[in-house]
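Here the structure is laid out as structure tokens; the discussion comes afterwards.
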Amino acid sequence: MMKGIFPLDKFKAYETPFYYYDMQLLDETLRTVTAEAGKYAYRVHYAVKANANPRILGRIAEAGLGADCVSGGEIRAALAAGFPAERIVFAGVGKADWEIKLGLESGIACFNVESAAELEVINELAAELGKTATVALRVNPEVDAHTHAKITTGMKENKFGINLGLLGKVLDSLPALPHLRLSGLHFHIGSQITDLSAFRALAIRVNELQDRLEARGLQLESINLGGGLGIDYYHPNHLPIAAFGNYFAAFHELLQLRPGQQVHFEPGRSIVGPCGSLISKVLYVKEGEVKKFAILDAGFTDLIRPALYDAYHRIENLSSEEAEEVYDVVGPICESSDVFSRDTELNRVRRGDYFAIRSAGAYGEIMASQYNCRRLPGARFSDE
Ligand code: LLP
């Protein structure tokens, strides 16, 4: 029996909760992003932080995307999944020495550097290994992404990136760091951005900056515009593929590139978000005085986004066609924030029903924890 895209009969053989990945949708998304970026020869590096499940990474590597990593662990995962080192970039405000050495030894394409202090360390470690590190400077463009406060990164007071006011000083320091080669600038303004005007503002800021750098005699090989394209959490069936066409077109329309300049992007959520659902079973229906609670075997240890960011994920009862009733959907963790949704209309719920929490392919499985000594959620795939 299927409900929507979900093979319920198959699910009965699996221990819940688990992530279920629609691999056909992932493939279609990869075809779309490749075709849309290809129109302008833009290069796409998948942000591994969104989901590092080996099968998902393998599929993305096969599709020819590069990888954007933020730790030594992610570099290892990307290499193991088949991403060539020359398509791996490494970002993050706190790169440890061993992680920098791993990047240098594996021959990754570029370090996205976030501070003057980090430039000095990369220069030293590259000197020790007799190598030259290719670096891009992550600049804080001071563009408001109008997204959730915990996932906005491009404004002034931020641990990320080099502030515009300090860029000149950092550039002045480069000639004294002979084991570094500057390839370009890197930006990232935030995540789950659905209003393209924030990206337009970024493109305009990049143009201003390029003019300033040119006045200093600097020509850049590459411009990396980060990630951030949002997905439609409310309509996972109608709009399962993010607006890649409009997204790349907005940059193409505005960016004033110099001859030979490469443009890079680092989408995470928009690649993997829609293809994953968290599948969970109802343990109890608790009838309160005013409310009814559907208590699931999944909790915020399996999907933390609702608890951490008040994020909305559409929830469906896969086992019932009965008339809708209103429930709070909660997990078993001993914390009052372990709530997936409140006052949610669901087909009448009974113990043992299967629930799908949709659009959970990004920042879901990878952010799972073992709090309360819980087992990590499993992963199942539509093509297995
Ligand atoms: N590049 C950089 C430098 C980033 O910091 C991020 C995300 C990305 C690319 C990918 O962004 P995306 O395309 O996925 O928006 N855990 C949060 C999201 C944190 C995003 C952190 N940086 C969530 O569940 O909403």
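Counting convention: from 1, in listed order, for ligands and their atoms alike. Computed from a predicted model, the values in this text were never measured in an experiment.
For the ligand labelled ligand 1, residue A362 lies outside the 4.0 Å heavy-atom shell.
With sequence neighbours left out, the side-chain hydrogen bond (donor to acceptor under 3.5 Å, both in side chains) criterion links E105 to no other residue.
The side-chain hydrogen bond (donor to acceptor under 3.5 Å, both in side chains) test with Q261 singles out one residue from Q256, Q210, E221, Q219, and that residue is Q210.
Residue contacts with ligand 1 for S191 involve both N, CA, C or O and side-chain atoms from C-beta outward (heavy atoms, distance under 4.0 Å). With a heavy-atom cut-off of 4.0 Å, R305 touches ligand 1 through its side chain alone. The part of D68 lying near ligand 1 is the side chain, judged by heavy-atom distances below 4.0 Å. Only side-chain heavy atoms of H188 come within less than 4.0 Å of ligand 1; its backbone N, CA, C and O stay farther off. Residue contacts with ligand 1, taken as heavy atom pairs separated by less than 4.0 Å, do not involve F160 at all.
Considering backbone and side-chain atoms together, G228 places an N or O closer than 3.5 Å to an N or O of ligand 1. In terms of N/O distances under 3.5 Å, ligand 1 is not approached by H186.
Although no hydrogens or angles enter the test, the distance criterion places no donor-acceptor pair under 3.5 Å between the side chain of Y46 and the main chain of L57. A distance-only check finds no donor-acceptor pair linking the side chain of S280 to the backbone of P17 [under 3.5 Å].
The aromatic rings of Y20 and F6 sit tilted relative to each other, their planes meeting at an angle between 30° and 60°. Classification of the H252-Y40 ring pair by plane angle, with boundaries at 30° and 60°, yields parallel.
Between the side chains of Y21 and E365, a donor-acceptor pair is found at a separation under 3.5 Å.
The atoms of ligand 1 that sit less than 4.0 Å from any heavy atom of E266 are 1 (N), 2 (C), 3 (C), 8 (C), 9 (C), 10 (C), 13 (O). Every atom of ligand 1 is numbered from 1 in the order shown, and the set under 4.0 Å from a heavy atom of A47 is 10 (C). Those atoms of ligand 1 with a heavy atom of R138 less than 4.0 angstrom away are 3 (C). Every atom of ligand 1 with a heavy atom of G268 under 4.0 Å away is listed here by number and element: 12 (P), 13 (O), 14 (O). Within ligand 1, counting atoms from 1 as listed, the ones closer than 4.0 Å to a heavy atom of P267 are 13 (O).
When ring centroids are compared, F293 and Y284 stay outside the 6.0 Å threshold.
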